[in-house]
2 protein chains.
Amino acid sequence: MNLKEFSQKIGISQTTISRALNGYPEVSDATRRKVEEAAIRHNYSPNVRAKSLATGRSMLIGHVIPAANTHEMVNPIFGDFLAGASHTYTQRGYDMLISRATDAGEAKTYRDLIAKAAVDGIVVQGPSVNDPRIAVLTDLGIPFVVHGRASQVDVPYSWVDVNNRQSFKRATDFLLDLGHRRIALLNGLETMDFAQRRRQGYEESLGARGIAADTGLMRSAEMTETYGYFETRALLAQDAPPTAFLVASLITANGVARAIAEAGLVIGKDVSVVTHDDDLSYLPNGSDIPVFTATRSSVREAGRIVADMLIDAIGQPHKAPQTVLLEAELVVGQSTGSAPHKG
Amino acid sequence: MNLKEFSQKIGISQTTISRALNGYPEVSDATRRKVEEAAIRHNYSPNVRAKSLATGRSMLIGHVIPAANTHEMVNPIFGDFLAGASHTYTQRGYDMLISRATDAGEAKTYRDLIAKAAVDGIVVQGPSVNDPRIAVLTDLGIPFVVHGRASQVDVPYSWVDVNNRQSFKRATDFLLDLGHRRIALLNGLETMDFAQRRRQGYEESLGARGIAADTGLMRSAEMTETYGYFETRALLAQDAPPTAFLVASLITANGVARAIAEAGLVIGKDVSVVTHDDDLSYLPNGSDIPVFTATRSSVREAGRIVADMLIDAIGQPHKAPQTVLLEAELVVGQSTGSAPHKG
DNA sequence: GGGCGTTTCCAAAGCGCTTTGGATAAATGA
DNA sequence: TCATTTATCCAAAGCGCTTTGGAAACGCCC
């Protein structure tokens with residue numbers, strides 16, 4: 001049913017219906033109620049295509065899935081981040097449009113999305129160190145918010161990030177306080193900005209106690225379970241194995257735990273593990289007592305904040321970029337204990 | 001830039017440009033090339049809102065995130081399924097619109113999506129046993145494809161599913177052949193259709209060997225790591241503990257493994273584990289040799305197939321519903337071995 | 001009854017595209 | 001050379017809504 005038909009059916013003019021449904025003040029409460037009720041009864045909703053053509057706004061937020069090498073890993077935080085963001089979108093009348101980057105590159109995908117007038121704003125996920133997308137989007141002049149930050153980008157832009165440096169500094173401090181001196185770092189891919197910052201926090205903490213960071217104890221890769229397993233196995237087989245592991249994700253931490261168990265060691269006693277925990281809904285870190293001591297920050301909550309900031313920015317195009325720095329909490333679980341005394 | 005401006009800039013009529021860009025035969029190859037090249041050079045893409053208003057098609061496929069209790073779990077397969085589907089969408093000129101079900105319910109969300117003419121087709125994920133969404137969508141007359149099936153729904157509809165019954169039957173057979181007789185089943189939530197089918201396969205296999213399914217060995221819940229851990233701990237503490245576990249997801253299997261290790265038992269020797277593996281990109285089941293013996297089926301591939309079927313259905317609205325039943329493969333890993341002899 | 005503010009209606013333009021019918025121009029064949 | 005095909009152009013309608021200007025209806029007050 002379109003507006004014309006609906007108008008005839010309920011005997012109210014198209015103008016008044018449109019005004020009633022869009023909250024204009026010059027329509028009486030009685031008529032507004034009548035229209036709203038009739039719309040539900042007759043299942044009338046304005047055609048969004050026509051509406052967005054007329055208003056110039058699509059009420060759609062674009063998310064772009066990174067370029068598509070067949071076997072590229074899907075970021076495990078993707079689902080929870082989206083769930084958080086979509087919570088906000090629904091409340092504020094938006095939907096989410098997901099586009100996959102074409103082979104021509106992500107920048108081209110953004111350009112297209114905007115040239116086609118498909119979305120009102122864009123969310124950028126997983127920024128790398130000197131992420132080119134930020135310059136492209138700034139240039140295109142569309143509202144956007146980055147989940148994470150990009151070092152070395154000097155134009156101002158809106159972002160929401162966890163204080164990764166600080167949280168890994170605290171985690172390292174925590175392990176040092178427990179007497180650990182050989183602490184391995186199983187980091188994410190260091191092309192990612194967050195991984196850089198985490199390493200900085202780790203090195204900073206060690207440096208403050210006069211301990212030189214040992215590159216032999218540092219690893220960097222995509223954060224799979226097997227990565228945690230194999231690197232831990234290799235590290236534990238060294239002459240002077242680490243007594244503690246600082247890990248970038250709960251999934252990887254599972255692999256670390258597997259390798260530790262397999263070596264006949266007890267986690268939290270022989271070897272300590274601290275991991276970052278994105279608080280994914282399908283991957284809770286234990287129930288009442290956490291399995292792993294962790295730096296925890298909800299990625300779902302981050303999604304919610306990013307979405308709110310973006311919609312605000314769409315409403316006020318000339319406002320200066322906003323930034324939000326979230327602090328991760330350090331939760332103590334069963335995976336950490338005092339460093340073992342040397343036999 | 002809009003069509004009018006673009007037309008003036010390159011000195012070709014709007015009609016011809018439109019025809020060239022949409023592949024109509026009455027435009028010469030030379031002009032078509034000229035238009036396409038100029039479009040790239042001047043960064044012109046037709047406004048999708050206007051285009052879809054004119055054509056009546058949005059080139060958008062709707063996915064709906066289930067109703068939003070604040071802490072509801074995000075399905076971990078969500079990301080990979082979307083990645084698979086979006087691969088197809090991109091190839092065939094579609095994008096994905098994700099909407100979250102409102103508190104008024106998912107049916108209402110579908111109705112809205114269609115009344116608003118926002119999408120050309122819909123993907124239904126995670127069907128429950130007698131899923132009401134299928135009747136709603138059939139009624140609304142929009143093309144849709146279900147990932148999974150819904151028992152007890154008798155109208156024909158298009159679906160793509162793994163043969164869950166068969167794969168859990170095979171897995172149980174496999175454990176029985178190894179001499180196991182007390183096999184625990186850590187199933188997913190049995191409101192979900194797939195969980196029902198898996199239990200049927202399990203019971204069928206036991207039945208064929210004259211073994212009665214023991215409800216004391218069967219569990220059903222959301223497939224988290226902690227669920228696997230706590231249930232396994234409880235089961236192993238029983239008087240006659242199971243010697244094998246059949247598990248619904250790799251994440252849960254991690255919890256199972258943790259409880260087994262904690263009990264001082266060796267997986268694959270003292271206790272065997274078989275799990276279903278959705279082949280998620282961020283959760284590989286080991287590298288060359290699988291960690292867990294598993295029934296494996298790629299959810300990403302399923303996403304690709306679902307998307308292709310849906311787009312086909314949009315192009316041929318009166319074609320009969322199609323169905324695809326995928327067989328899971330049984331891969332043997334390090335988590336299974338002969339049943340231990342009784343001390 | 002006149003005047004006034006409020007509410008509703010009517011008609012039409014505009015959003016940017018597709019699609020159609022008919023005109024025009026250019027290339028081709030007899 | 002004229003008729004015929006082929007390629008392009010022009011003008012306009014239509015997709016379904018919003019938005020505007022101006023007119024009409026309504027209730028209310030003095």
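The chains referred to below are lettered A, B, ... by the order of the sequence lines, with proteins before strands, and numbering in each begins at 1.
Going from atom NZ of B:Lys116 over to atom OG of A:Ser52 covers 11.0 Å, rounded to the nearest 0.5 Å.
Looking at which nucleotide of DNA chain C each of A:Thr15 and A:Pro25 is closest to, the 5′-most match is held by A:Pro25. For A:Ile17 and B:Ser13, each mapped to the nucleotide of DNA chain D holding its nearest heavy atom, the one lying further toward the 5' end belongs to B:Ser13.
Of the listed nucleotides (D:dC15, D:dT18, C:dT19), D:dC15 has the atom at the smallest distance from the side chain of B:Leu53. When distances run from any side-chain atom of A:Thr16 to the nucleotides C:dT18, D:dC17, C:dC9, the shortest one goes to C:dC9. Closest to the B:Ala54 side chain, of the nucleotides C:dG14, D:dT19, D:dG14, is D:dG14.
In this structure the side chain of B:Thr55 never reaches within 4.5 angstrom of the side chain of A:Arg49, judged on heavy atoms. Contact of the A:Leu97 side chain with the A:Ile61 side chain is not registered, since no non-hydrogen atoms from C-beta on lie closer than 4.5 Å. A:Asn130 is listed as a side-chain neighbour of A:Val153, based on a closest heavy-atom distance under 4.5 Å.
Separating the CZ atom of A:Arg49 from the C1' atom of D:dT18 is a distance of 18 Å, rounded to the nearest angstrom. If you take CG of B:Asn22 and P of C:dG16, they are 18 Å apart, rounded to a whole angstrom. To the nearest angstrom, C1' of C:dT19 lies 13 Å from CG of B:Leu3. Between the NZ atom of A:Lys51 and the C1' atom of C:dG16 there is a distance of 19 Å, rounded to whole Å. Summarising the geometry, the separation between CZ on B:Arg57 and P on D:dG14 is reported as 22 Å, rounded to the nearest angstrom. Whole-Å rounding puts the A:Phe6 CZ to D:dT18 C1' distance at 16 Å. The interatomic distance linking B:Met59 (CE) with C:dG16 (P) rounds to 21 Å, in whole Å. Distance CG (A:Asp29) to C1' (C:dT6): 13 Å, rounded to an integer number of Å.
In this structure, A:Val48 reaches neither bases nor backbone, as no heavy-atom distance under 4.0 Å exists between it and the strands shown. At the heavy-atom level, A:Tyr24 lies under 4.0 Å from the strands shown only through sugar-phosphate atoms. Using a 4.0 Å heavy-atom cutoff across all strands shown, B:Arg19 reaches at least one base atom of the nucleic acid.
Of the charged side-chain nitrogens involved, none lies within less than 4.0 Å of a carboxylate oxygen, so that B:Asp29 and B:Arg33 do not count as a salt-bridged pair. Under 4.0 Å is where a charged nitrogen must lie from a carboxylate oxygen, and between B:Asp193 and B:Arg149 no such pair does. We find that A:Arg300 and A:Asp80 are joined by a salt bridge, their nearest charged nitrogen and carboxylate oxygen being less than 4.0 Å apart.
Contact between the side-chain N/O atoms of B:Asn2 and the OP1/OP2 oxygens of C:dC15 is not found at any separation under 4.0 Å. For B:Ser18, a side-chain nitrogen or oxygen approaches OP1 or OP2 of C:dT18 to under 4.0 Å.
Near DNA chain D, defined here as any heavy-atom distance below 4.0 Å, the residues from residues 33-47 of chain A are A:Tyr44, A:Pro46, A:Asn47, listed numerically.
In this model, a donor atom of one side chain and an acceptor atom of the other lie less than 3.5 Å apart for B:Ser86 and A:Arg100.
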